J.: 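My questions will all concern the structure given below.
Chain identifiers are assigned alphabetically (A, B, ...) following the order of the sequence lines, protein sequences preceding nucleic acid strands; residue numbering begins at 1 within each chain. Keep in mind it's a predicted model, so treat the numbers as computed, not measured.
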Amino acid sequence: MILRSFLREKLTMLLKEIWNIETSIPILYPDQPKFGDYSTSVAMSLAKTLRQKPLDIASTLAEKWEWTDICRLEVVAPGYLNFFVNESLLDTLIQGKCLEDQYGSSDLLEGKKILLEYVSANPTGPLHIGHGRWAALGDSLARLLRYAGAQVWREFYVNDAGNQIRLLRETIQAVREGKEIPENGYHGAYITDVAKQTEDPVTYILNWQKETLKNFGVEFDRYFSEKSLHDSGMVQKTLDFLKSAGVAYESEGALWLRTTDHGDDKDRVLVKSDGEYTYFAVDIAYHQDKIKRGFRHLYNILGADHHGYVKRMEAAVWLLSQADGVETDFRIIIGQLVSLYRNGEPVRMSKRTGDMITLEEVLEEIGRDALRYYMVMRKADTHLEFDIEEAKKQSEENPVFYVQYAHARICGILRNLPSNLPVPQGTIVDSPEARLLATRLLRFPEIVQDAATALEPHRIPQYLEDVASVFHKYYTVHRIITDDLQTTANRATLVKATKNVLALGLRLIGVSAPERM
RNA sequence: GCGCCUGUAGCUCAGCUGGAUAGAGCAACAGCCUUCUAAGCUGUGGGCCACAGGUUCGACUCCUGUCAGGCGCACCA
């Protein structure tokens, strides 16, 4: 049972029944225990439309509230409804739902087939820290969406065709022959290494990227080759389709797409006057392919350095959908850039300088858990300031260890548990601190749903820190293992539920939950 | 010049799609281990939520404008 949904459902019902109105009902987590475990301000927002005092509306709702076996309800001026979860229900949930392997999962997004595209770096150089962020975000998001019931297919679009690739090959060729690197060629230190390989440079670099991502715990269901779109004729097919749909037109020797029909500043070129396809055209073919494969929910994580591309792509997918007669849900998540520092000194991230720090290096230096945590702990659309030395220096007091420590601490307790414990019986939530912890644990499914629907993975670490904090406080005040076996068994259950939530939450962001630290 | 993102404690950032006295972690200071992991806990100080208007019973949250920073504005990818 997801309590918040239950409350919302019943309130919706009552509003319909009493006043015959429908409205969205905000359910909040009050910041003070005396205001309940959940609360709503719906009575205040309805005051105007119902022409009644908020307090009267709240009172009427309270009178009709018949689910006191779930929560009791208080009316507080100027019109809040505060819900207190019933103690025995808390006990039941803690030793039931909260201990389940799949606790927090739901069927909220049941039936949705989502294609999630992320990273999609050019195979012309090693991945940098920014890619690390999109990778961690994408992977976590995939886990979240799946946990919320969606079918998620993860793709990395490999730009293995076009100018950049040609330039890379020319660069490598030149280095191998001891010639000068061509203008606009690649100059990174890694070029020398790549040139030494007998393998094709593109294949080599792509495998290198795959290896890094694998070490980072980031997986894909498919690496989709851009070149394959050319080879199969998909690009041409898509262009013909757009032409026949009347949304592409020729002008000045080029083929254009009417992206201005859907919010873009100017129409965009699909085929250049020299006959070559633009990157845009091929990308449209890729998205047409996604649609043809039956996906209606297309989510892309894009680096902020490419956000200028968003409008035209949205227009393109819209035009495709119109022409295809299908409805698509196309969303672009902009991942802001990561500013990398070392001891306060900015570190260059450019692919061309050769003086960069790669994702691989950062990963080796600070470790997978810490890096993944740092990359998803902030909202995707805020710039991330990341100091390598600080992440290491703080490694004893930084958030990822704080959360992991709570988990390890619980494991320690569980190892010390007497073997002859009875089954939990009677009151489990036996103190204000226990109550605080228990009600936090009940939020887990709600947080997962919020994070999934808002496409905001950062809510998970945020929540986990909250849980860890509440647990640590509980731990310092109460002993779990006591002389009384029944009490021990009961408290151990609460602690196990906490461990379960921490472990599940950490898994959602791809961070390990260690048994010992 | 135009567009997108950001502006909250000294620093890094949350703030639950408009609600109750604005939060956390670092950093500073003062305390707490003969008892399950002190990588923890408790307390103190620190804020005109960039600024100015507006909408609202109610704004950090929504709208407009200004300022500051980041990133983009190709028949590149």
J.: What are the two closest non-hydrogen atoms of Leu455(A) and Ile333(A), and how far apart are they?
T.: CD1-CD1, 3.8 Å
J.: For the pair Arg415(A) and Glu515(A), evaluate side chain to side chain contact (heavy atoms under 4.5 Å, CB included) and give the outcome as yes or no after the intermediate values.
T.: CA-CA 10 Å; Arg415(A) 279 193 295 272; Glu515(A) 304 266 322; 4.3 Å; yes
J.: Does the rA20(B) base have a donor-acceptor partner in the side chain of Ser39(A) within less than 3.5 Å?
T.: yes
J.: Name the orientation of the base relative to the sugar in rC5(B): syn if the glycosidic angle is within 90° of 0, else anti.
T.: anti
J.: Rounded to the nearest 0.5 Å, what separation is found between the OG atom of Ser512(A) and the CZ atom of Arg372(A)?
T.: 11.0 Å
J.: For nucleotides rC33(B) and rA14(B), find the distance between their P atoms and express it as a whole number of Å.
T.: 37 Å
J.: Sequence neighbours left out, what passes salt bridge (Lys or Arg N to Asp or Glu O under 4.0 Å) with Asp37(A)? Give chain and number order.
T.: Arg435(A)
J.: For Thr40(A) and Tyr29(A), take the nucleotide of RNA chain B holding the closest heavy atom to each; which residue's nucleotide lies nearer the 5' end?
T.: Tyr29(A)
J.: What does nucleotides 70-77 of chain B look like as a protein-contact string, B for base, S for sugar-phosphate only, - for none, at under 4.0 angstrom between heavy atoms?
T.: BBS--BSB
J.: In dot-bracket, 5' to 3', how would RNA chain B read with Watson-Crick or G-U wobble pairs under 3.5 Å, [ ] for crossing ones and | for pairs to another strand?
T.: (((((((..((((.....[...)))).(((((.......))))).....(((((..]....))))))))))))....
J.: Do Arg459(A) and Glu446(A) pass the salt bridge (Lys or Arg N to Asp or Glu O under 4.0 Å) test, and can you show the C-alpha distance, the side-chain angles, and the key distance before you say yes or no?
T.: CA-CA 11 Å; Arg459(A) 295 185 192 221; Glu446(A) 299 159 3; over 6 Å; no
J.: Considering only the C1' atoms, how many Å lie between rG10(B) and rA27(B), rounded to the nearest integer?
T.: 8 Å
J.: Go through the structure and list residues passing salt bridge (Lys or Arg N to Asp or Glu O under 4.0 Å) with Arg409(A), not counting sequence neighbours.
T.: none
J.: My understanding is that only residues two or more places apart in sequence, or in another chain, count here; which of them pass side-chain contact (heavy atoms from CB on, under 4.5 Å) with Pro30(A)?
T.: Phe35(A), Ser39(A)
J.: What N/O pairs connect the protein and nucleotides 55-57 of chain B at under 3.5 Å? Give each pair on its own line.
T.:
{"unit_1": "rC57(B)", "atom_1": "OP1", "unit_2": "Lys48(A)", "atom_2": "NZ", "d": "2.5"}

